[in-house]
Amino acid sequence: MASQPDSRLAAAIARGAPARRKLADDEGGSFSAQQAAQALGISRQAVLKRYQNGQLIAWRDERRNALRFPVWQFLDQKVLEGIEDALQILNAGNRLDDFGRMSFFLSNHGFLGGKRPLDCLRRGEVTKVVQAASGYVE
């Protein structure tokens, strides 16, 4: 007997693939770990450690069996101010996966007046984004 829940899960995963691709491609695409290291002026190992510590956003590209780092989180050889603060909240409780965290930054939110957290961070509105992150995970 075929398992109905397995086919529903497979269908849900398939429906999510275009959304994940869009998140991966938004705002300039992504860097490899080596490119992210160059963007920050640190070693590849330091970039991977920062990801493991929840200080950078990345996702595993299964085709390449490698992590990919969204370009939009880097600015002037640093991580965009507020990314790490928001990630600290978004990572609490392990409720969100990598794409859930990316979705937070790239989606419009009512508690930010319909703006995206990424755009707010680019304007220096770190406190608002941190508050929005708290509301997002509740």
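Computed from a predicted structure; not experimentally measured.
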Engineer: Using modelled atom types only, decide if a donor and an acceptor are shared between the side chain of Gln88 and the backbone of Asp85 within a distance under 3.5 Å.
Structural biologist: no
Engineer: Looking only at heavy atoms, which two atoms of Phe104 and Ala86 are closest? And how far apart?
Structural biologist: CE2-CB, 4.4 Å
Engineer: Just verifying a value: how many Å separate Phe105 CZ and Cys120 SG, rounded to the nearest 0.5 Å?
Structural biologist: 11.5 Å
Engineer: From His109 NE2 over to Lys115 NZ, what is the distance, rounded to the nearest 0.5 angstrom?
Structural biologist: 13.0 Å
Engineer: Of all heavy-atom pairs between Met102 and Pro70, which one has the smallest distance, and what is that distance?
Structural biologist: SD-CG, 4.1 Å
Engineer: Does a sphere of radius 6.0 Å around CD in Glu81 hold more than 12 heavy atoms from other residues, nucleotides or ligands, not counting ones at 6.0 Å or beyond?
Structural biologist: no
Engineer: What distance do Glu84 atom CD and Ile57 atom CD1 have between them, rounded to the nearest 0.5 Å?
Structural biologist: 10.0 Å
Engineer: Find the distance between CG (Asp97) and CG (Leu90) and round it off to the nearest 0.5 Å.
Structural biologist: 11.5 Å
Engineer: Does any non-hydrogen side-chain atom of Lys128 lie less than 4.5 Å from one of Leu112?
Structural biologist: yes
Engineer: I'd like to check Phe31 versus Val47 (side-chain heavy atoms, cut-off strictly below 4.5 Å). Are they in contact?
Structural biologist: no
Engineer: Is there side-chain contact between Arg50 and Ile42, with at least one heavy-atom pair below 4.5 Å?
Structural biologist: yes
Engineer: So does Leu80 get a backbone contact from the side chain of Gln73, meaning a donor-acceptor N/O pair under 3.5 Å?
Structural biologist: no
Engineer: Going by the angle between their ring planes, with limits at 30° and 60°, are Tyr51 and Phe69 parallel, tilted or perpendicular?
Structural biologist: perpendicular
Engineer: For a 4.5 angstrom cut-off between non-hydrogen side-chain atoms, does Leu67 reach Asp61?
Structural biologist: no
Engineer: How long is the straight-line distance from CD of Gln34 back to CG of Leu48, given to the nearest 0.5 Å?
Structural biologist: 9.5 Å
Engineer: Find out whether Asn91 and Arg101 are in side-chain contact, i.e. whether some heavy atom of one side chain is under 4.5 Å from a heavy atom of the other.
Structural biologist: yes
Engineer: Can you find a pair of side-chain heavy atoms, one from Leu121 and one from Trp72, that are under 4.5 Å apart?
Structural biologist: no
Engineer: Check the angle between the aromatic planes of Trp59 and Phe99 and answer parallel, tilted or perpendicular using the 30° and 60° thresholds.
Structural biologist: tilted
Engineer: Are more than 12 heavy atoms from other residues, nucleotides or ligands located less than 6.0 Å from atom CZ of Arg44?
Structural biologist: no
Engineer: A side-chain contact here means heavy atoms from C-beta on lying under 4.5 Å apart; do Leu56 and Phe74 qualify?
Structural biologist: yes
Engineer: Rounded to the nearest 0.5 Å, what's the gap from CD on Gln38 to OG on Ser43? Could you check?
Structural biologist: 11.5 Å
Engineer: Side chains of Ile89 and Val137, heavy atoms from C-beta outward: is any pair under 4.5 Å?
Structural biologist: yes
Engineer: Could you report the tightest heavy-atom contact between Arg116 and Asn108, atom names first, then the distance?
Structural biologist: CG-OD1, 3.0 Å
